[in-house]
Amino acid sequence: MSGKSDYLEGQSKRKNLIIDGIPESPGESWEESEYKVRELLRTELQMDEERIEVERAHRMGNGRGADKPRQIVVKFLRFKDKTVVMGRRNRLKGTNIFLNEDYPEAVRQKRKELVPAMKAERSKGNIAYIRACHIDGQPFGTVLLTLLNASGIPADIYKVSEDITVNEGSNLTLSCLASGRPDPAINWRLLNPSAEPLDGEEYLDIIGIMRNQAGRYECKASNDVATPDVKYVNVVVSYPPTIKKTQSSETPVGRMGTLQCDATAVPTPEFEWYRDEK
């Protein structure tokens, strides 16, 4: 994909998703469409719809008939919100609702050109799918036809959050994206102190993180084809100084005395001493 117009179109759509299959009401307004999107987030994707900020949502194009509701294009306020929602699309398996990227026209045309080759490979028993990649920060930088053989593919974590430092009380989302055949299960653990499993899949949400939640987080992707793939994320939680202990010293005149002040903080606090408020 090349050209300034293609780039600008890709940038304008990077926070968008296309939702197919949500039933449409007669004369449905954009407010009703947005409400249905929020209900989908809450019920089917089991997300806090108040934390995922939708900038706008509306139906696309003309009517497709009573049995074919129009697609809804959703623009999120933040790219991260769109990514988190896409990470939970597997929860829609078994429904008639589908989430897709809002591809620019150049990408849609390229995908259309690759469909015959994809079908030919699938007829041979291979796994084939079309994907648009993000390259050098540009959305949908290229379109690829990816082929896999019919046997199982080991789990492979291809993207995981980088080590991070956050302030105590803030919200944090760690990501761990993996591929494989069958689709790998993803599990999280905080390795210290107890290494108990955490409630998270591709995305681990930590609301109001506390200092005792700092440490090394383990993401494990497994599908029973081979040894699970494991990656780690180190999380540092910063918090302000708290003085734990002070100790005075009664020392004869002319002798050396010691005053003690113990405090905890991350990063390590600096100490300053004053006498008589000076």
Side-chain angles (χ1 to χ4, degrees), residues 11 13-17 34 37-57 74-91 99 101 134 136-137 139 157-178 185-221 229-245 261-272:
Q11 288 291 332
K13 294 175 178 289
R14 69 190 302 267
K15 300 178 187 177
N16 294 5
L17 283 181
E34 182 175 321
V37 170
R38 293 188 179 278
E39 282 296 290
L40 176 72
L41 298 178
R42 184 180 65 84
T43 58
E44 298 294 341
L45 300 183
Q46 300 177 4
M47 305 178 73
D48 182 355
E49 75 276 12
E50 296 300 325
R51 289 186 59 215
I52 304 296
E53 297 191 56
V54 175
E55 186 172 322
R56 64 174 182 266
V74 185
K75 183 172 185 178
F76 295 93
L77 186 63
R78 295 177 293 270
F79 175 73
K80 185 181 79 171
D81 289 346
K82 172 262 191 85
T83 304
V84 171
V85 172
M86 280 295 284
R88 298 201 176 189
R89 64 188 181 276
N90 286 342
R91 295 173 183 257
L99 300 184
E101 295 275 4
H134 296 247
D136 297 331
I157 297 174
Y158 60 86
K159 183 177 181 181
V160 68
S161 294
E162 297 181 353
D163 295 346
I164 188 172
T165 299
V166 296
N167 293 329
E168 188 174 41
S170 61
N171 298 333
L172 174 65
T173 298
L174 300 179
S175 63
C176 180
L177 307 182
I186 297 178
N187 297 286
W188 288 92
R189 294 191 303 167
L190 174 57
L191 296 184
N192 51 298
S194 59
E196 293 182 358
L198 301 174
D199 185 16
E201 296 178 356
E202 292 98 336
Y203 295 90
L204 176 66
D205 294 322
I206 305 174
I207 309 301
I209 192 169
M210 304 301 292
R211 64 192 68 179
N212 62 356
Q213 293 175 292
R216 196 180 197 200
Y217 285 77
E218 176 193 82
C219 168
K220 181 169 69 173
D229 193 15
V230 179
K231 295 289 188 296
Y232 302 95
V233 183
N234 294 308
V235 175
V236 176
V237 178
S238 299
Y239 55 91
T242 301
I243 295 177
K244 299 192 301 181
K245 178 181 179 182
C261 178
D262 293 336
T264 60
V266 173
T268 302
E270 297 181 358
F271 292 86
E272 294 183 359

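All values below were derived from every heavy atom in this structure, side-chain atoms included, with hydrogens, water molecules and symmetry-related copies excluded.
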Short question: side chain of [X], backbone of [Y] - any donor-acceptor pair under 3.5 Å?
X	Y	result
Y203	T83	yes
W188	E201	yes
R216	Y232	no
D163	V233	no

Working to the nearest 0.5 angstrom, can you tell me the gap between [X] [atom1] and [Y] [atom2]?
X	Y	atom1	atom2	answer
E196	R189	CD	CZ	10.5 Å
R51	N171	CZ	CG	5.0 Å
I164	N234	CD1	CG	11.5 Å
Y217	L172	OH	CG	7.5 Å
N212	E168	CG	CD	8.0 Å
N16	E101	CG	CD	9.5 Å

Test item: [X] and [Y] side chains (from C-beta on) under 4.5 Å apart, heavy atoms:
X	Y	answer
L190	N192	yes
V235	L174	yes
E53	R78	yes
V266	R211	no
C176	S161	no
C219	I157	yes

For E202, side chain to side chain contact (heavy atoms under 4.5 Å, CB included) partners two or more places apart: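 N90, L177, I186.
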Partner set under side chain to side chain contact (heavy atoms under 4.5 Å, CB included) for R89, not counting sequence neighbours: M86, L99
Sole candidate of K82, K15, E55 that passes side chain to side chain contact (heavy atoms under 4.5 Å, CB included) when paired with L77: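 Testing each of K82, K15, E55 against L77, the sole residue satisfying side chain to side chain contact (heavy atoms under 4.5 Å, CB included) is E55.
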Looking at every heavy atom in both [X] and [Y], which two are closest together, and how far apart are they?
X	Y	answer
Q46	T43	CG-O, 3.7 Å
A178	A221	CB-CB, 3.7 Å
N167	S170	O-OG, 2.6 Å

Neighbour count above 12 (heavy atom, 6.0 Å) for I243 CD1: no
